[in-house]
Amino acid sequence: QVQLVESGGGLVQAGGSLRLSCAASGRTFTNYAMGWFRQAPGREREFVSAISRSGDNTDCTDSVKGRFTISRDNAKNTVYLQMISLGPEDTAVYFCAARVASLSGYYFKRAADYDYWGQGTQVTVSS
């Protein structure tokens, strides 16, 4: 199995930026499609962004388009979520997730599709 550890969360003012990192260990990182999800208090976990094994294909939810960018460095076994123009609505615990993908171009948007999860990192945006 793969172990995932997120970092980079914190408290930021509205309009600010953060970059989340998710370090993977335990298995061949390039076998895994990766995703970012978030969960705000009292709300269900929601899809934020996903990236294929190769890094060539990505997707994100509409509410973060143009503000969040997912990327991966397969040499460092790490996936990133660059977040700009943050607003209070982005406040949540952010989770990294992984699953084996049979084809390099695949990515996944449903939480149920992922097999491995990190512990989460808190992002708080003050207004």
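- Between Gln122 and Ala92, the shortest heavy-atom contact is NE2-O, 3.4 Å.
- Side-chain contact between Trp117 and Cys96: absent, with no pair of heavy atoms (C-beta onward) separated by less than 4.5 Å.
- With sequence neighbours excluded, the residues that form a salt bridge (Lys or Arg N to Asp or Glu O under 4.0 Å) with Arg110 are Asp113.
- Val79 has its side chain within reach of Trp36: a pair of non-hydrogen atoms, C-beta onward, lies under 4.5 Å apart.
- Under a 3.5 Å cut-off, the side chain of Arg53 and the backbone N or O of Ala101 do form a donor-acceptor pair.
- The main-chain N or O of Asn57 is found under 3.5 Å from a side-chain atom of Ser52 such that the two form a donor-acceptor pair.
- Here the closest heavy-atom approach between residue Leu86 and residue Arg67 is recorded as CA-NH1, 3.9 Å.
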Show, in sequence, the C-alpha distance, side-chain angles and deciding distance for Met83 and Val12, and conclude whether the side-chain contact (heavy atoms from CB on, under 4.5 Å) test is met.
CA-CA 11 Å; Met83 307 185 294; Val12 64; over 6 Å; no

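- Note on Tyr116 and Val100: same hydrophobic cluster, where clusters join Ile, Leu, Val, Met, Phe, Trp and Tyr whose side-chain heavy atoms are under 4.5 Å apart, directly or indirectly.
- By the criterion of side-chain heavy atoms lying less than 4.5 angstrom apart, applied directly or through intervening Ile, Leu, Val, Met, Phe, Trp or Tyr residues, Ile70 is grouped together with Leu4 in one hydrophobic cluster.
- For the atom pair Phe37 CZ and Leu81 CG, the distance stands at 12.0 Å (nearest 0.5 Å).
- Between Ser85 and Ser17 the shortest heavy-atom distance is N-OG, 4.4 Å.
- Residue Gly118 comes nearest to Phe95 through the heavy atom pair O-CD2, 3.6 Å, listed as atom of the first residue, atom of the second, then distance.
- Here Asp90 contributes atom CG and Thr124 contributes atom OG1; the two are 11.0 Å apart, rounded to the nearest 0.5 Å.
- Of all the heavy atoms in Leu18 and Gly8, the pair that sits closest is CD2-O, 3.7 Å.
- Judged by the 6.0 Å and 45° rule, Arg19 forms a cation-pi pair with Tyr80.
- In this structure, Gln3 CD and Cys22 SG are separated by 11.0 Å, a value rounded to the nearest 0.5 Å.
- Without hydrogens or angle criteria, Gln119 side chain to Val5 main chain gives no donor-acceptor distance under 3.5 Å.
- Listed by chain and residue number, Arg38 satisfy the side-chain contact (heavy atoms from CB on, under 4.5 Å) test with Glu46 (two or more places apart in sequence, or in another chain).
- Note that OG1 of Thr28 is 8.5 Å distant from CG of Asn77, once rounded to the nearest 0.5 Å.
- Separating the CZ atom in Arg99 from the CG atom in Asp115 is a distance of 6.0 Å, to the nearest 0.5 Å.
- The aromatic rings of Tyr94 and Phe68 sit tilted, their planes meeting at an angle between 30° and 60°.
- The CD atom of Gln13 sits 5.0 Å away from the OG atom of Ser126 when rounded to the nearest 0.5 Å.
- No chain of hydrophobic side-chain contacts below 4.5 Å, direct or via other Ile, Leu, Val, Met, Phe, Trp or Tyr residues, connects Tyr114 to Val48.
- Judged by distance alone, the side chain of Arg72 and the main-chain N or O of Phe29 form a donor-acceptor pair under 3.5 Å.
- Val2 places none of its side-chain heavy atoms less than 4.5 Å from the side chain of Asn31.
- Hydrophobic clustering of Ile, Leu, Val, Met, Phe, Trp and Tyr side chains at less than 4.5 Å, counting indirect connections, unites Phe108 with Leu103.
- Annotation for Tyr106: atom OH does not count as buried by contact number, only 12 or fewer foreign heavy atoms lying within 6.0 Å.
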